[in-house]
Number of protein chains: 2
Amino acid sequence: MRLSTKGRYGVKAMFDLALHGGETPLSLKTIAERQEISEPYLEQLIATLRKAGLVKSVRGAYGGYLLARHPEQITVGSIIRSLEGSIAPAECVSEMDPIECERAENCVTRILWEKIRISIDNVIDSITLQDMINDYDEMCGQDNMYYI
Amino acid sequence: MRLSTKGRYGVKAMFDLALHGGETPLSLKTIAERQEISEPYLEQLIATLRKAGLVKSVRGAYGGYLLARHPEQITVGSIIRSLEGSIAPAECVSEMDPIECERAENCVTRILWEKIRISIDNVIDSITLQDMINDYDEMCGQDNMYYI
DNA sequence: ATAATCTTGACAATTTTACTCGGGTATGCT
DNA sequence: AGCATACCCGAGTAAAATTGTCAAGATTAT
């Protein structure tokens with residue numbers, strides 16, 4: 001059930017954008033260095049995030065990336081799903097296009113996979129980038145002295 | 001976040017044992033055919049389950065496998081973990097031996113991964129094979145006419 | 001113009017998955 | 001005893017996924 005680096009790096013990059021980004025775009029290089037992710041690889045991931053409408057790009061010199069919406073309007077669920085596809089533990093309980101099987105017994109295990117999927121959905125769809133920023137602020141104390 | 005066939009086949013095989021098994025052992029062949037799993041492959045999986053103490057084996061002619069405990073005492077969590085290892089979405093929040101990272105920011109995403117892991121844990125540790133049998137009985141109606 | 005940056009697509013190493021195969025060992029039945 | 005039926009064990013392997021790298025081009029601030 002491990003998340004691949006796609007989902008993990010993607011969330012880290014988006015969190016970086018939420019924490020350090022603002023009016024002016026952040027370059028890929030900045031994010032990649034701060035989050036210790038290979039720049040060409042992050043390039044791929046952020047291209048996916050852009051197509052999913054989660055970040056906006058600004059081309060040319062001093063360009064970079066911006067969050068497409070406010071941090072409280074971006075759930076980690078939308079980030080993870082855009083990069084990993086469905087988070088369902090089995091194909092037959094995928095959110096979008098479940099490929100059902102015919103066997104009666106399979107349906108019993110199907111109930112199980114669905115319970116797991118719903119439980120994961122509930123968590124990742126209820127947590128936004130703003131929630132993560134709040135967690136971070138709390139972790140660092142009121143003066144935020146450990147901000148990077 | 002998809003479960004591999006190990007976990008899925010393992011749960012199916014254990015459910016088969018819970019549903020059809022009794023005093024006399026079920027042969028691997030029987031389970032493999034009924035659940036449509038390659039027999040030599042299931043052999044590997046059930047060997048792991050045996051080492052984890054979830055099933056007992058009876059060697060020789062008319063031998064096979066039995067659940068080591070009653071269905072209400074076997075959680076799907078124990079089955080999945082024995083076959084897949086930790087179900088944590090990231091290594092740093094593994095139940096057993098979390099490999100922590102040093103970076104402050106990582107710890108924010110770590111909080112997220114931990115919330116996901118705990119949510120999955122809660123589901124799979126609360127569901128037993130008996131629960132699945134109950135689901136099955138309910139699905140088939142009181143006369144259980146669709147039992148295989 | 002030039003440098004910084006995004007954009008795209010192809011390619012490649014490594015790891016994991018999902019098996020197969022071949023030979024053992026134990027046990028009940030005749 | 002001998003045979004059939006099973007479990008037991010370790011090695012090997014093809015395909016897929018993961019985790020990237022690389023090169024060439026497009027766009028824009030200065």
Side-chain angles (χ1 to χ4, degrees), chain A residues 1-13 17 21 23-68 80 83-87 89-91, chain B residues 1-13 17 21 23-68 80 83-87 89-91:
Chain A
M1 295 289 285
R2 198 158 73 238
L3 227 45
S4 76
T5 54
K6 285 183 193 170
R8 297 208 308 276
Y9 291 178
V11 170
K12 283 170 71 174
L17 272 168
E23 306 290 310
T24 53
L26 288 182
S27 80
L28 205 58
K29 192 179 179 186
T30 306
I31 302 172
E33 280 175 358
R34 194 155 41 203
Q35 298 299 329
E36 289 175 342
I37 301 171
S38 137
E39 193 183 329
Y41 187 41
L42 184 55
E43 205 165 89
Q44 277 188 15
L45 306 185
I46 211 155
T48 305
L49 293 172
R50 186 176 57 82
K51 283 164 195 162
L54 294 170
V55 297
K56 286 182 296 188
S57 67
V58 179
R59 301 186 69 159
Y62 297 90
Y65 294 94
L66 297 164
L67 291 185
I80 293 175
L83 290 166
E84 305 253 352
S86 169
I87 50 85
E91 280 188 352
Chain B
M1 295 289 286
R2 197 158 74 240
L3 227 46
S4 75
T5 54
K6 284 183 193 171
R8 298 207 308 276
Y9 291 178
V11 170
K12 284 170 72 174
L17 272 168
E23 305 289 310
T24 54
L26 287 183
S27 79
L28 205 59
K29 193 180 177 184
T30 306
I31 302 172
E33 279 175 359
R34 193 155 41 204
Q35 299 299 329
E36 289 175 343
I37 301 171
S38 135
E39 193 182 329
Y41 187 43
L42 184 56
E43 201 167 273
Q44 277 188 14
L45 306 184
I46 211 156
T48 306
L49 294 171
R50 187 177 54 82
K51 283 164 195 160
L54 294 170
V55 297
K56 287 182 294 188
S57 66
V58 178
R59 301 187 67 160
Y62 297 89
Y65 293 94
L66 298 163
L67 291 184
I80 293 175
L83 289 166
E84 304 254 351
S86 169
I87 51 87
E91 279 189 352

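Bear in mind the structure is a predicted one, so any value in this text is a computation, not a measurement. Reminder, nothing fancy here: chain letters follow the sequence lines and each chain counts from 1.
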Report task. Let me see the working for B/R8 and B/R2 under side chain to side chain contact (heavy atoms under 4.5 Å, CB included), right down to the final yes or no. Result -> CA-CA 10 Å; B/R8 298 207 308 276; B/R2 197 158 74 240; 4.2 Å; yes
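Contact between B/G10 and B/L45 at its shortest, heavy atoms only, is N-CD1, 4.4 Å. Listed here is the closest heavy atom pair of A/G7 and A/E84: N-OE2, 2.9 Å. Taking every heavy atom of both residues into account, B/R34 and B/L26 meet most closely at NH2-CD1, 3.8 Å. The minimum heavy-atom distance between B/P25 and B/Y62, with the atom names listed, is CG-O, 3.7 Å.
Going from atom CE of A/M1 over to atom P of D/dT18 covers 14 Å, rounded to whole Å. C/dT5 atom C1' lies 13 Å from atom CG of A/L66, rounded to whole Å. To the nearest angstrom, P of D/dA4 lies 13 Å from OH of B/Y62. One atom, NZ of A/K6, and another, C1' of D/dA16, lie 12 Å apart when rounded to the nearest Å. Computed from coordinates, the B/L45 CG to C/dC19 P distance equals 9 Å when rounded to whole Å. For the pair B/L49 CG and D/dC7 P, the interatomic distance rounds to 14 Å; values are reported in whole Å. When the P atom of C/dT17 is taken as reference, atom OH of B/Y9 falls 14 Å away, rounded to whole Å. Between the CD atom of B/E91 and the P atom of D/dT19 there is a distance of 11 Å, given to the nearest Å.
Taking NZ of B/K56 as the reference point, atom CG of B/L17 lies at 11.5 Å (rounded to 0.5 Å). For the atom pair CD of A/E43 and CG of A/L28, the computed distance is 6.0 Å after rounding to the nearest 0.5 Å.
For C/dT20, the OP1/OP2 oxygens have a side-chain nitrogen or oxygen of B/S38 closer than 4.0 Å. Taking only side-chain nitrogens and oxygens, B/S4 never comes nearer than 4.0 Å to OP1 or OP2 of C/dT16.
Counting non-hydrogen atoms under 4.0 angstrom, B/Y41 reaches a base of the nucleic acid.
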Query raised in the report: Quick one: what's the B/S/- string for nucleotides 7-12 of chain C, heavy-atom cutoff under 4.0 Å, read 5' to 3'?
Result: BB-B--
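Two residues, A/A61 and A/R2, neighbour DNA chain C, and the one matched to the more 5' nucleotide by heavy-atom proximity is A/A61. Toward the 5' end of DNA chain D, the nearer of the two residues A/E39 and A/G60, judged by each one's closest nucleotide, is A/E39.
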